[in-house]
Amino acid sequence: TVPAPRPPPEPDMNNLPEHPMPIHQKKHGINSIKAVKRLKDAGPFLHPVDIVKLNIPFYYNYIKRPMDLSTIEKKLNADAYETPEQVLSDFKVMVNNCHLFNGKDSAISHMVNNIEASFEKHMLNMPPKDLPTPATTH
Ligand SMILES: CN1C(=O)c2ccccc2Sc2cc(NC(=O)[C@@H]3CCCO3)ccc21
């Protein structure tokens with residue numbers, strides 16, 4: 001009956017991890033998100049769901065962790081992730097929020113499924129944490 005307030009935006013700059021993802025993984029993550037942002041179906045996911053524009057005052061009563069591509073990119077740039085799995089986990093929060101609020105068989109959910117499939121393909125190429133030291137071939 002009472003619209004829930006918007007949760008605090010992420011990342012929480014006062015609670016960043018001590019050992020963030022190494023730079024080569026961070027870069028791959030950022031490039032993967034940038035590639036997904038260019039997809040035709042990415043439009044509604046580029047920014048946080050706007051409850052005023054969409055006239056959905058009760059969105060945060062159902063969705064406790066709003067997530068979108070700009071927030072994931074911001075978290076990558078802020079070194080808020082320790083592992084690539086945490087990046088994928090946030091992407092899945094965005095996907096599941098969409099399924100929950102709109103229905104799994106909605107047009108918008110088919111769009112989020114498409115961009116998730118693309119993101120997972122990019123993440124298959126994520127370099128391992130400890131890159132092998134380059135051999136000095138004489
Ligand atoms: C992911 N998602 C939604 O999950 C959502 C939530 C409630 C109602 C509709 C939708 S589809 C949707 C549409 C936009 N559309 C827009 O942001 C623009 C601006 C307002 C209308 O089009 C953004 C997010 C979104």
Side-chain angles (χ1 to χ4, degrees):
T1 54
V2 177
R6 176 180 170 165
E10 299 184 45
D12 175 359
M13 300 307 275
N14 300 313
N15 193 13
L16 294 174
E18 197 176 334
H19 302 294
M21 215 156 52
I23 185 89
H24 63 283
Q25 290 189 317
K26 169 180 175 171
K27 284 179 175 176
H28 186 82
I30 289 167
N31 290 338
S32 300
I33 288 292
K34 284 180 180 299
V36 166
K37 284 171 75 173
R38 292 193 289 264
L39 298 172
K40 65 176 169 36
D41 285 347
F45 307 98
L46 294 176
H47 307 289
V49 169
D50 186 326
I51 67 167
V52 175
K53 278 187 186 169
L54 291 167
N55 188 26
I56 44 174
F58 293 96
Y59 184 72
Y60 304 129
N61 296 66
Y62 299 91
I63 302 303
K64 293 308 169 190
R65 270 199 72 212
M67 191 52 64
D68 70 284
L69 298 172
S70 73
T71 299
I72 295 171
E73 188 172 3
K74 200 177 291 181
K75 287 179 74 172
L76 280 161
N77 279 308
D79 289 321
Y81 294 116
E82 294 168 307
T83 65
E85 289 74 18
Q86 289 175 357
V87 183
L88 185 60
S89 173
D90 271 358
F91 203 103
K92 287 179 182 297
V93 166
M94 178 181 73
V95 173
N96 295 329
N97 289 346
C98 187
H99 289 171
L100 175 69
F101 196 82
N102 303 289
K104 284 196 150 207
D105 203 25
S106 60
I108 189 74
S109 288
H110 290 290
M111 293 169 74
V112 84
N113 294 347
N114 290 343
I115 69 169
E116 180 184 29
S118 174
F119 183 66
E120 300 226 11
K121 286 198 182 84
H122 283 282
M123 292 299 271
L124 292 175
N125 298 326
M126 173 65 72
K129 185 170 178 245
D130 39 357
L131 279 176
T133 49
T136 51
T137 48
H138 293 295

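Just so you know, ligand 1 is whichever comes first in the structure, and atom 1 is the first atom listed for that ligand. A quick note: this is a predicted structure, and the numbers were derived from the prediction, not measured.
Remark: minimum distance from atom 2 (N) of ligand 1 to any protein heavy atom is reached at V49 CG2, 4.0 Å. At the top of the distance list for atom 5 (C) of ligand 1, counting protein heavy atoms only, stands N102 OD1, 3.5 Å. Ranking the protein heavy atoms by distance from atom 1 (C) of ligand 1 puts F45 CE2, 3.5 Å first.
Atom CZ of R38 and atom OG of S118 lie 9.5 Å apart (nearest 0.5 Å). The CZ atom of F58 lies 14.5 Å from the CD1 atom of I63; values are rounded to the nearest 0.5 Å. Rounded to the nearest 0.5 angstrom, I72 CD1 and F45 CZ are separated by 11.5 Å.
Closest to atom 12 (C) of ligand 1 by heavy atom, among S106, P66, S109, P44, is P44. Nearest to atom 13 (C) of ligand 1 by heavy atom, out of I51, I56, I63, L54, is L54.
Within the 4.0 angstrom cut-off, atom 18 (C) of ligand 1 has no protein heavy-atom neighbours.
Proximity of a side-chain donor or acceptor of K104 to a complementary backbone N or O of L100 within less than 3.5 Å is not detected.
Shown in contact with F101 at under 4.0 Å from a heavy atom are these atoms of ligand 1, numbered in order with element: 6 (C), 7 (C). The distance from ligand 1 to the heavy atoms of I108 drops below 4.0 Å at these ligand atoms: 11 (S).
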Show, in sequence, the C-alpha distance, side-chain angles and deciding distance for K74 and E10, and conclude whether the salt bridge (charged side-chain N to carboxylate O under 4.0 Å, His left out) test is met. CA-CA 8 Å; K74 200 177 291 181; E10 299 184 45; over 6 Å; no
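Under the 30°/60° scheme for interplanar angles, the aromatic rings of F91 and F119 are found to lie parallel.
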